[in-house]
S.K.: 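Quick one: the structure is below, and I'll ask about it shortly.
We use all heavy atoms of the structure for the numbers below, so side chains are in, but hydrogens, waters and symmetry mates are not. Along the sequence shown, the residues carry numbers beginning at 1.
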Amino acid sequence: MRRRHSERVRATAATSVTDLAGMGGSQVLAGTLDVSRIRESTRQGRLWRTLFFLVPVTSYLYYRIFSGQFIHPGLPHLTPTSLQILLPLGLIAVLCIVLVVPMMAMGKSPHVRYDASEISTTLDDVVGLGPVKDEVVKTLNLFLGYQTFRRVMGGNPRKGVLFEGPPGTGKTYMAKAMAHEAGVPFLFVSSTAFQSQYYGATGRKIRNFFKELRKAAAEEGGAIGFIEEIDAIAGARSGMRSTPQSDVLASDSYGRHVYRNSSEGISGVVNELLIQMQSFDTPTGGHKFAGWWIDSLNRFLPAHRRISKRAPEPSNVLIIAATNRAADLDPALLRPGRFDRSIHFDLPSRTGRREIIDYYLDRKAHVPELDKEERREALAAMTFAYTPVMIEHIFDEGLVWALRDGRMAMDWSDVQQAKMTEEIGLKQPVEYTDDERRTIATHESGHATVAYLVGQNRKLEVLSIIKRRDALGLLSHSDGEERFTRTRSELLGMMKIAFGGMSAEELFFGESGTGPSGDLVLATKIAAQMVGSYGMAGSLVSYDAIESGPISQGIVGKVLGNEDARAAVEKLLAQAKADVQVLLDDHRHLVIALRDELLEKSELVGDEIVDVLREAEARKPLDDVGMPKREPRR
């Protein structure tokens with residue numbers, strides 16, 4: 001007996017070591033860790049309990065059969081007197097149900113329960129997230145092997161994980177994949193579903209949600225609860241009262257600035273969340289029943305003879321919450337013991353976008369041209385700052401353009417058309433006058449010429465004089481390589497590109513019109529940031545350090561509100577415009593070539609723009625205008 005016990009202990013220890021070694025890997029161990037073992041143990045216990053209740057019932061039925069006392073199912077015989085009594089009682093029961101059931105339903109948990117088999121999304125479908133996916137897998141393994149982690153290493157598994165990041169970056173998608181891989185019940189709820197017009201009903205819904213989570217965890221070894229847009233009910237308790245206590249902004253330990261206000265309703269909801277996420281483990285019905293008998297016996301026993309009650313088992317529940325406004329959440333929710341881990345879902349990198357493009361293109365009808373390496377790399381470069389949802393949407397819209405043209409698969413032009421439509425808007429052909437059309441073409445050609453000459457590694461994508469949304473014409477250009485920072489010369493180049501349209505109008509027509517208004521807005525913003533944020537105009541004072549008030553002006557308002565800073569902005573703008581006027585005067589032939597091509601075709605895309613400029617350079621060498629010869633750009 002002792003030897004078998006020792007062997008079981010050694011086998012358990014070996015299993016625990018093996019489990020711990022796998023929990024730190026990059027694969028989900030859904031079928032080998034504690035959750036699967038607890039689920040099997042629970043299933044066997046359920047079978048034994050069912051058998052325990054069925055044996056007496058079956059024995060009684062067989063006794064009746066063998067003794068000749070057959071059971072005849074059917075409705076009981078009712079006399080007229082019985083009907084006179086039962087009908088009013090039935091009516092009273094119906095009225096009670098009509099009145100009581102809605103009141104009981106007000107506090108019911110609004111969640112929707114999914115089993116793993118109902119969710120088709122797997123971790124293999126989650127692409128382009130890199131380190132985020134790896135962190136999620138390790139968190140999932142901690143959840144699945146929670147007992148081993150606690151018993152062998154003495155650690156506390158994570159109770160909550162906060163998914164935060166911009167919309168469309170895959171937070172809900174990742175939660176679905178986690179639920180599928182874990183193989184445990186997944187309880188989904190929108191945070192707004194907790195809200196109720198009745199006082200106290202919101203807190204009761206939250207309590208019932210966690211109660212259902214613990215119940216599901218007890219049955220299946222674990223459960224995952226997902227709260228979508230948690231910021232709707234878990235905002236900071238300061239900053240919610242209708243009557244502010246103070247107009248002075250305070251900075252909390254997370255560096256956020258909030259009003260010192262409060263609201264009893266919102267505070268009560270946040271308090272309920274805090275209590276449910278870190279409170280005493282709730283005993284099950286069996287624990288309560290056994291505890292009642294132990295308490296009854298302990299009343300008659302002396303203190304040193306009293307029976308000890310078994311502590312309730314902690315529920316294996318993992319709460320996942322998603323938000324794109326993490327800074328607005330109550331700080332108490334973000335401390336250890338509540339949301340132990342915050343995972344940021346950022347916009348995918350170029351490598352991540354390439355993985356996403358490969359994933360979606362393999363599932364959508366396309367011509368062989370889109371399988372070429374250079375095309376997919378170009379797509380990854382074109383979709384800078386795109387979320388996974390936006391990339392998929394571009395391909396869906398590309399399929400729509402192909403369908404409109406009577407084709408069953410999209411090609412490169414469909415993808416480009418879909419991208420332009422989403423970013424810029426649908427074409428809205430309008431009847432320009434001849435003079436206005438020529439002015440718009442000259443304006444846009446001025447932008448493109450300056451971008452070609454001074455834009456550092458700028459890629460010219462679209463040049464158009466077709467109206468889209470509020471723009472009568474446009475130049476779309478982007479970085480040739482993925483960049484996250486800007487130098488002073490690059491920012492000056494962006495300002496010069498903004499002045500290209502106005503300077504071209506003044507150069508060819510003697511004056512500019514109302515068209516450059518948007519260009520001036522962009523140039524002013526760049527100059528204000530150079531002066532007030534980046535220290536690129538002589539002063540090292542950062543206007544971003546000025547704490548915002550109830551009505552924030554933004555960096556442009558702060559800079560232009562200071563006389564010296566405004567003068568520095570004016571100086572940057574004036575110098576940029578003067579440089580552009582000289583540049584365009586020396587390269588009139590480039591503006592003319594682009595203008596004439598635009599008047600003929602209305603829109604140029606990609607290499608068409610550069611080809612026109614290179615051809616114009618080849619026809620009229622720069623030596624003819626008194627400048628050093630310049631090689632065409634490659």
S.K.: Could you state the interatomic distance from CD1 (I320) to CD1 (I343), rounded to the nearest 0.5 Å?
M.R.: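 Spacing of CD1 (I320) from CD1 (I343) equals 8.5 Å.
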S.K.: Are a donor atom and an acceptor atom from the side chains of S349 and T351 found within less than 3.5 Å of each other?
M.R.: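 Short answer, no.
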S.K.: For I394 and M390, what are the C-alpha separation, side-chain angles and deciding distance, and is it a side chain to side chain contact (heavy atoms under 4.5 Å, CB included)?
M.R.: CA-CA 6 Å; I394 289 296; M390 294 170 65; 5.6 Å; no
S.K.: May I have the step-by-step check of side chain to side chain contact (heavy atoms under 4.5 Å, CB included) for M410 and L361, ending in yes or no?
M.R.: CA-CA 10 Å; M410 63 179 164; L361 276 182; 3.6 Å; yes
S.K.: Are E392 and V389 close enough, and set up right, to give a side chain to side chain contact (heavy atoms under 4.5 Å, CB included), and what steps lead you there?
M.R.: CA-CA 5 Å; E392 183 184 17; V389 172; 5.6 Å; no
S.K.: If you look at every heavy atom in A116 and G183, which pair is closest and at what distance?
M.R.: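 In this case the closest contact between A116 and G183 is CB-CA, 3.6 Å.
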S.K.: Do the side chains of P348 and I356 get nearer than 4.5 Å, heavy atoms only?
M.R.: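 With C-beta onward as the side chain, the pair touches.
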S.K.: For a quick test of your reading: what N or O donor-acceptor pairs under 3.5 Å do the side chains of residues 294-303 make, sequence neighbours left out?
M.R.:
residue: D295; atom: OD1; partner: K309; partner atom: NZ; Å: 3.3
residue: D295; atom: OD2; partner: K309; partner atom: NZ; Å: 3.4
residue: S296; atom: OG; partner: W292; partner atom: O; Å: 2.8
residue: N298; atom: OD1; partner: I307; partner atom: N; Å: 2.8
residue: N298; atom: ND2; partner: I294; partner atom: O; Å: 3.3
residue: N298; atom: ND2; partner: I307; partner atom: O; Å: 3.1

S.K.: Considering all heavy atoms of both residues, which atom of D414 and which atom of G398 are nearest to each other, and what is their separation?
M.R.: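 Looks like CB-O, 3.5 Å.
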S.K.: Looking at every non-hydrogen atom in both residues, tell me the closest pair between A234 and L333 and how far apart they are.
M.R.: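 Where A234 meets L333 most closely, the heavy atoms are CB-CD1, 3.3 Å.
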S.K.: Heavy-atom distance under 4.5 Å between the side chains of F210 and L273, does that happen here?
M.R.: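 With C-beta onward as the side chain, the pair touches.
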S.K.: Salt-bridge test for E135 and R341: reply yes if a basic N is under 4.0 Å from a carboxylate O, no otherwise.
M.R.: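 Salt bridge present between E135 and R341.
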S.K.: For the CG atom of L318 and the CG atom of L140, what is their distance to the nearest 0.5 Å?
M.R.: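 Answer rounded to 0.5 Å: 8.0 Å.
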S.K.: Return yes if some donor-acceptor pair links the side-chain N/O of S41 with the main-chain N/O of R37 below 3.5 Å, else return no.
M.R.: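 Not confirmed, S41 side chain does not pair with R37 backbone.
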S.K.: Given side chain to side chain contact (heavy atoms under 4.5 Å, CB included), test H393 with E422 step by step and report yes or no.
M.R.: CA-CA 9 Å; H393 183 64; E422 289 304 307; 3.3 Å; yes
S.K.: Enumerate, atom names and distances included, each donor-acceptor pair closer than 3.5 Å involving a side-chain atom of residues 122-131, sequence neighbours excluded.
M.R.:
residue: T122; atom: OG1; partner: D124; partner atom: N; Å: 3.3
residue: T122; atom: OG1; partner: D125; partner atom: OD2; Å: 3.3
residue: D125; atom: OD1; partner: Y359; partner atom: OH; Å: 3.0
residue: D125; atom: OD2; partner: T122; partner atom: N; Å: 3.0

S.K.: Which distance, rounded to the nearest 0.5 Å, do you find between the CD of E228 and the OG1 of T192?
M.R.: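 One finds 9.5 Å between CD of E228 and OG1 of T192.
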S.K.: Which pair of non-hydrogen atoms, one from N324 and one from G165, has the smallest distance, and what is that distance?
M.R.: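 For N324 versus G165, the nearest heavy atoms are CB-O, 3.0 Å.
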S.K.: Cut-off 3.5 Å, side chains only: do H366 and D371 have a donor facing an acceptor?
M.R.: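 Checked: H366/D371 side chains pair up, N/O donor to acceptor below 3.5 Å.
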S.K.: Please tell me whether Y146 and R150 have a donor and an acceptor in their side chains that are separated by less than 3.5 angstrom.
M.R.: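 R150 and Y146 do not have a side-chain donor-acceptor pair below 3.5 Å.
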S.K.: So does K364 have more than 12 non-hydrogen atoms from other groups sitting under 6.0 Å from NZ?
M.R.: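 For K364, atom NZ is crowded (more than 12 foreign heavy atoms under 6.0 Å).
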S.K.: Nearest heavy-atom pair of V367 and A409: which atoms, and what distance?
M.R.: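 For V367 and A409, the tightest heavy-atom pair comes out as N-CB, 4.1 Å.
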S.K.: I'd like to know if the side chain of Q276 pairs up with that of R338 as donor and acceptor (distance under 3.5 Å, no hydrogens or angles considered).
M.R.: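 Judged by distance alone, the side chains do not pair up.
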S.K.: For the NZ atom on K133, are there more than 12 heavy atoms of other groups (residues, nucleotides or ligands in this structure) within a distance under 6.0 Å?
M.R.: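 Yes, the 6.0 Å shell around NZ holds more than 12 heavy atoms from other groups.
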S.K.: Determine yes or no for a side-chain-to-main-chain donor-acceptor pair under 3.5 angstrom, with E219 supplying the side chain and A216 the backbone.
M.R.: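 It does not hold such a pair.
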S.K.: With a 3.5 Å distance limit and no angle check, can you tell me whether D330 reaches the backbone of A332 through a side-chain donor-acceptor pair?
M.R.: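 Here the side-chain-to-backbone pair exists.
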S.K.: Parallel, tilted or perpendicular: which one describes the rings of Y62 and F66, with boundaries at 30° and 60°?
M.R.: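 Ring orientation of Y62 relative to F66: parallel.
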S.K.: With no hydrogens and no angle check, is any side-chain donor or acceptor of R376 less than 3.5 Å from a backbone partner on L370?
M.R.: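 Between the backbone of L370 and the side chain of R376 there is a qualifying donor-acceptor contact (under 3.5 Å).
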S.K.: For K205, does the NZ atom have more than 12 heavy-atom neighbours from other residues, nucleotides or ligands under 6.0 Å away?
M.R.: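 More than 12 heavy atoms, drawn from other residues, nucleotides or ligands, come within 6.0 Å of this atom.
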S.K.: Identify the two heavy atoms, one from A217 and one from N316, that lie closest to each other, and give their separation to 0.1 Å.
M.R.: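 That would be CB-O, 3.6 Å.
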S.K.: I need the D340 CG to R158 CZ distance, nearest 0.5 Å.
M.R.: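 The CZ atom of R158 is 7.5 Å from CG of D340, to the nearest 0.5 Å.
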S.K.: What class does the angle between the rings of F188 and F226 fall in, given that below 30° is parallel, 30 to 60° is tilted and above 60° is perpendicular?
M.R.: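 Parallel.
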S.K.: Determine which pairs satisfy ring-ring contact (aromatic ring centres under 6.0 Å, His included) with at least one residue from residues 161-187, sequence neighbours left out, and list them in order.
M.R.: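 Matches after skipping sequence neighbours: F163-F345.
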S.K.: Could you go through the salt bridge (charged side-chain N to carboxylate O under 4.0 Å, His left out) check for R113 and E212 one step at a time?
M.R.: CA-CA 10 Å; R113 173 170 170 162; E212 292 296 325; over 6 Å; no
S.K.: Between K171 and P166 (side chain of the first, backbone of the second, donor and acceptor by atom type, cut-off under 3.5 Å), is there such a pair?
M.R.: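 Pair found, side chain donor or acceptor close to backbone of P166.
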S.K.: For R310, look at atom CZ and say whether over 12 heavy atoms of other residues, nucleotides or ligands are found less than 6.0 Å away.
M.R.: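 It does not: R310 CZ has 12 such atoms or fewer within range.
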S.K.: By the definition side-chain contact (heavy atoms from CB on, under 4.5 Å), identify the one residue from I206, D231, I233, T323 that meets it with S191.
M.R.: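 So, applying the side-chain contact (heavy atoms from CB on, under 4.5 Å) to S191 and each of I206, D231, I233, T323, only I233 qualifies.
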